[in-house]
Structure formats: C-alpha cells, structure tokens
Amino acid sequence: MIVTRFPPSPTGYLHVGNARTAIFNWLYARHMKGKFVLRIEDTDAKRSTQEAIDAIFEALEWLGIDWDEGPYYQTQRLEIYNSYIERLIETGEAYYCTCSPEEIETMRQKAMTSGGKPKYDGTCRNKELSNIEGAVVRLKAPLSGTTIIEDVIKGNIVFQNEELDDFILCRSDGIPTYNYAVVIDDMTMLVNTVIRGDDHVMNTPKQILIYKALDCPLPVFGHVPMVLGTDKSRFSKRHGAVSVSAYKDMGYLPDAMLNYLVRLGWSHGDQEFFTRQELIDVFDLEHIGRSAGVFDPEKLLSLNADHIRATLPDELVAPLKPFLKSHGIEVKDSDLIKKVIETLHARSKTLEEMAENALFYFVDDIGYEEKAAKKFLKPAVLEALRLLIDQFEILDNFSEENLESAFKAVMDQTGLKLGKIAQPVRVALTGKTASPGIFEVSALLGQDKVISRLKKATRYIEDKG
RNA sequence: GUCCCCAUCGUCUAGCCUGGUCCAGGACACCGGCCUUUCACGCCGGCAACACCGGUUCAAAUCCGGUUGGGGACGCCA
C-alpha cells in the first residue's frame, strides 16, 4: 500500500508552495487508495507556534485535504529518536562529537577560502567518545563512493560521498535534527513514498545514508520543482499573496485553488479544468514536470471563475454568506440568495466580487455611481421613467415576461429603443451601468423596490434639473 | 566558491522516453469581430515559443556533447 505524508513545520501560515506538495501527496495517496499521514515537524522550539499549527489545520481543511493518520508531533517522539541513536552508536554508524560551534565555523571558513565545500573535518570521528554533556551525535558517513537518488520525477541523481560530511543527527540538547527525525519518522510510520519540494534534493543523500546505516529499505523519492514568482525567484511575499488562507479570504473556491496548484507542474494532456474527483481519478507522478513554474494569479483567477460557473448556485449560497456579511449584509432567505447568485454567477471571478455586485439587491438606499448618474439620469428620460412606473404599478404579476411587455409599451409610446431606456433604469435600480439583465434584476428586486427606486430616480433628475 | 537541478509562445503547458504525422497543439493574458438592454458568459479569428553552438541521422523540439542563462542547496533551521 502506498503511504505518503505531509510534514509541515509550524513556523507560519500554509504557503501555497507547501500546499502544492501537500496536494500532490494527498492526491497520490487517494488515487492509489493508499494512506496519507500528517506530521508536524516542531523540533525547532524557537520558531514553532500553536497559532501556526492551527493555521495549517485550517488551511488544509479549507482545501479539503484530510489525513488518515496523525497528526504526529515530533516533539512527542523524542524517545523514539533516542532509541535509534543508541542503536547507531552501538553499531558504530554514529559517534559523539564535542567540537564546538566556533571550531566548526573556523573549519568552514578554511574550507571555503581554499575552494572546498564547507564541511566537518572528522576530528571526533575515531575518538570513540561516550555521551558527554553537550556532545552532538554525528553520522559516520562513507568517505568514498557514491549515493544515488532514484528520483521518480527527475531520474537518477548521483552524489559523490566526498561531498557529504559527518552531519549531526542529534543536537547537544538532545533534540534530533531535521534530516535524522525525518528518516526515523518516515521509517516508523511506514511512509514509502516521499514527494517533496526540490529544495530537499541536497538533504536526500544524507537521509539515504541514514536509511542505510539503519539497514532500512528506502522509500520512493520524488522531488517536485519549486513554485516561482514573476521574477523567477522562489515565490514569496514580495510577489503577492502567498498564504492559502489569503486566497480563501479573497473569495477563491478551494477546488479552484486545488485545480490551479496541481496544474502548475503537472498536466493531463490539454485539460485545464478538473473537478476534485477527476483529479483523484487521473493524478499520477509520471506527469509531474521537471522544471519550476511561475505562479500566475491571473490564471488562478480565471480558473476560479470557471469553478464558480461550474458550481450550482445552490452550493454557492453558504460560501457566499460570509462575504455578504463582511459588507454588512445578513440574509436569512437562502432561496433569495440562490436567485441572486443565478444572476451573477457567469459574471463573478471571486466570491468577493460576487458579493460586491450583489449588494444593490439588499441595501435599502443605493447610491449612484457619479459617472453613471451623470450620463444616464437626465431629463430626457424622465418621461420614459414615469411611463414605466405607470406600467409597473398596474402589473399584478411582476414576471420577466410581463416586465418585458411593459418595456415594449413604453418603447412604443416614446419611440425610444430599449437600450435608451434600459441603461437609465439600470442606474436607477442598481446605481451602476453594469449589472445582470434588467428584466431579471427587476423581477428579483420585486415590484415595490423597483417602483420606489424608479421614483427616487425621477426625483433625482428633477432636483438636478 | 563547491555541489545539484532546470531550459517549448509574456505565463502554465502538450509533444520529447518509443526521432519523421509539429513551418509545434491547448490554456491564461492581450488584440480584433460576432452575439447583445449594460457588463459578463458564449462563439469566431489574431499575436506569440522549440535558449545557443556543435555532433549523430536520409530526417531532431525530440538522441549526444558543450556554451549560456535561470533556480536551488551548502546550519546544533525545517
């Protein structure tokens, strides 16, 4: 059975780059009917926070990523790491080292200036020191030969073992280092498929060495290329919004985010739009690309519009409510919201945009956009508006069909074309020059509101004239 | 500096493994047009790429080598 995992370190919000590797692991596990494990890598006490943990859970939940095992916390697994340290010391695969950080630093400086790779020189390698207070544990890494990553995405990557050094497994305070804890965790959690960011390739040979020292079979490794910003450097804050929750707040649909992030670096022929289930059905590791990709907010936005359009208005009601609320609108009538969404869902790229454009349906007193009023609410349309009010007042069924005939009647009486009448009416009803169809807007607004807004517009014109 | 990775339209990518069907296809953005009561949606059309050099071959975007460019990693961070 395939077992994948996502191991965030809780030092901040969930970054879209990290979210993408979480998604790859999750999708692959779901596709293979395997298991997906969540593990919190909180060994860095200085930077790990509970808020970050909560933020990560919230973002994963929003994305619809669930896990079958965990969350595990590394800080609760210290005994496990220690027991394997003892074993590695016993078998001679690791040793205690008492070199100070300062000494190491001068070692690095020397190596750097002489053109070499900064690494530990092995001072304590053969001293067979015992567990002295303040000692670190280092792996006794091979001095020659090669270590090969058989990467499912990038192919074989070969490292000369001379490039590697006796890196630290366990810090002087007894806390395991990242590379060591990861191996022990993946090994004991039976993780057999490790899909992670490109930035980890250099860690992988080290981890392979630990697996070998432990005489443990290797998992399958797959390193996915990074997500870049427009300037081709690692995607970060200066390129725009980077946290998953920011996109949630801007009114993106989780499925759109999922779709976009997966398609950034993975493909399935020419297909651009995927539902969650389609992704689970067809996702594979073979079609993950080898080159890094630029995060394009425009394309995400367009995809979000596609997902909004593909979602039934009914299902958009609940997600839209918080956005209406943030504009001070609380509507109890879900059926009304549904109807409002029907008029807006082909013209909204985000839920936030949809909420903004829905405001005129709900507020009591709409304001006119300055340019709109200036251009369309003019004395020339006064007569048409009054005739329309007359027509509307005698309607007993405020249906779109009846509305249309009412408009026709006014067109006949005034000799004006529909366009000449519709725009002023639109401004009167919505305050803006762009809106859903004038008949649907009117029908939804209802007789009373339409008539009162039209009357208000006539008064506005009279006052100005 | 050392090591590693990458290289098709502005961007995401298909094609590359299994050379010819590719004077390179799709999508976003952009530009025209149609539809039309506005804005969208939809539809039609356009712009635009195989980084460079050399090799292999009858034939290379596809295979090989090099160059250049970009990215990443070199912590008692993860």
Side-chain angles (χ1 to χ4, degrees), chain A residues 7-11 41-44 46-48 74 97 99-101 104-105 108 111-119 134-138 149 151 154-155 157-160 162-165 167-173 175-179 181-182 197-205 223 225-226 228 230-234 260 263-273 286-287 289-303 305-306 309 344-349 357 372 376 404 407 417-423 425-427 430 432-439:
Chain A
S9 64
T11 54
E41 309 217 322
D42 56 353
T43 52
D44 186 349
K46 293 181 205 77
R47 299 195 302 146
S48 299
Q74 289 188 323
C97 164
C99 295
S100 68
I104 308 290
E105 188 49 39
R108 285 207 187 91
M112 279 283 215
T113 49
S114 64
K117 195 158 174 109
K119 49 182 203 175
V136 300
V137 177
R138 290 182 182 274
I149 308 177
D151 194 292
K154 292 179 179 293
I157 305 172
V158 182
F159 294 88
Q160 299 302 317
E162 296 96 274
E163 292 294 327
L164 278 16
D165 70 347
F167 57 94
I168 294 174
L169 303 177
C170 189
R171 302 189 269 228
S172 54
D173 60 2
I175 305 292
T177 58
Y178 165 76
N179 281 121
V182 162
D198 224 348
D199 48 340
H200 283 289
V201 257
M202 288 301 174
N203 289 322
T204 307
H223 290 94
M226 312 252 76
L228 309 177
T230 357
D231 63 354
K232 304 271 187 178
S233 72
R234 203 180 174 136
Y260 177 72
R263 249 321 306 255
L264 176 57
W266 173 85
S267 61
H268 186 66
D270 284 339
Q271 191 172 348
E272 300 280 349
F273 183 95
E286 290 75 49
H287 292 86
R290 298 145 307 273
S291 52
V294 174
F295 185 89
D296 182 4
E298 290 277 4
K299 187 146 187 175
L300 169 59
L301 187 65
S302 158
L303 207 45
D306 290 343
R309 245 173 287 132
L344 254 21
H345 94 316
R347 50 194 112 223
S348 307
K349 290 184 190 292
N357 289 330
F376 295 109
E404 195 165 347
F407 266 88
K417 285 185 177 173
L418 180 55
K420 292 287 178 197
I421 304 177
Q423 278 307 81
V425 171
R426 189 183 313 283
V427 176
T430 70
K432 294 184 267 196
T433 54
S435 82
I438 201 68
F439 303 131

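Bear in mind that the values here come from a model prediction, so they are computed numbers and not experimental data. Computed from heavy atoms alone, side chains included, the values below leave out hydrogens, waters and symmetry copies.
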If you measure from the [atom1] atom in [N] to the same atom in [M], how many Å do you get, rounded?
| N | M | atom1 | result |
| --- | --- | --- | --- |
| U62(B) | C53(B) | P | 13 Å |
| C44(B) | A61(B) | C1' | 30 Å |
| U36(B) | C43(B) | C1' | 13 Å |
| U37(B) | G32(B) | P | 22 Å |
| A29(B) | C12(B) | C1' | 11 Å |
| C50(B) | A14(B) | C1' | 13 Å |
| U21(B) | C16(B) | P | 12 Å |
| A51(B) | U8(B) | P | 6 Å |

Pairing nucleotide - [N], Watson-Crick or G-U, each distance under 3.5 Å:
| N | answer |
| --- | --- |
| A73(B) | U2(B) |
| U56(B) | none |
| A7(B) | U68(B) |
| U37(B) | none |
| G45(B) | C31(B) |

In Å, rounded to the nearest 0.5 Å, how long is the span from [atom1] of [X] to [atom2] of [Y]?
| X | Y | atom1 | atom2 | result |
| --- | --- | --- | --- | --- |
| Asn179(A) | Thr204(A) | CG | OG1 | 8.5 Å |
| Ile175(A) | Asp42(A) | CD1 | CG | 9.5 Å |
| Arg234(A) | Asp198(A) | CZ | CG | 9.5 Å |

Counting any heavy atom closer than 4.0 Å, what does [X] reach on the DNA or RNA strands: base, sugar-phosphate only, or nothing?
| X | result |
| --- | --- |
| Val201(A) | nothing |
| Thr43(A) | sugar-phosphate |
| Glu163(A) | sugar-phosphate |
| Asp173(A) | nothing |
| Arg234(A) | sugar-phosphate |
| Leu264(A) | sugar-phosphate |
| Cys97(A) | nothing |
| Ser302(A) | sugar-phosphate |

Just by distance, do the side chain of [X] and the backbone of [Y] share a donor-acceptor pair under 3.5 Å?
| X | Y | value |
| --- | --- | --- |
| Tyr260(A) | Pro297(A) | no |
| Thr177(A) | Ile168(A) | yes |
| Ser48(A) | Asp44(A) | yes |
| Arg263(A) | Phe273(A) | no |

Flag side-chain contact, heavy atom, 4.5 Å: Asn357(A) against Arg347(A): no
Rounded to whole Å, how long is the line connecting atom [atom1] of [X] with atom [atom2] of [N]?
| X | N | atom1 | atom2 | value |
| --- | --- | --- | --- | --- |
| Phe295(A) | U13(B) | CZ | P | 13 Å |
| Met226(A) | A78(B) | CE | P | 17 Å |
| Leu301(A) | C12(B) | CG | P | 18 Å |

On the side chain of [X], is there an atom forming a donor-acceptor pair with the base of [N] - under 3.5 Å, no angle test?
| X | N | answer |
| --- | --- | --- |
| Lys299(A) | C12(B) | yes |
| Asn203(A) | A78(B) | yes |
| Asp270(A) | G25(B) | yes |

Kindly say if Ser267(A) contacts the phosphate of A14(B), meaning a side-chain N or O under 4.0 Å from OP1 or OP2. yes
Check whether any side-chain nitrogen or oxygen of Lys119(A) sits under 4.0 Å from OP1 or OP2 of G75(B), and answer yes or no. no
Salt-bridge present (Asp165(A), Arg138(A); N to O < 4.0 Å): no
From C-beta outward on [X], which listed nucleotide comes closest to its side chain: [options]?
| X | options | answer |
| --- | --- | --- |
| Glu298(A) | U11(B), U13(B), A29(B) | A29(B) |
| Arg47(A) | A78(B), C76(B), A29(B) | A78(B) |
| His200(A) | U11(B), A78(B), C4(B) | A78(B) |

Counting only heavy atoms not in Lys420(A), do more than 12 fall under 6.0 Å of its NZ? no
For every nucleotide of nucleotides 35-45 of chain B, 5' to 3': is a protein heavy atom under 4.0 Å from its base (B), only from its sugar-phosphate (S), or from neither (-)? --BBBBSS---
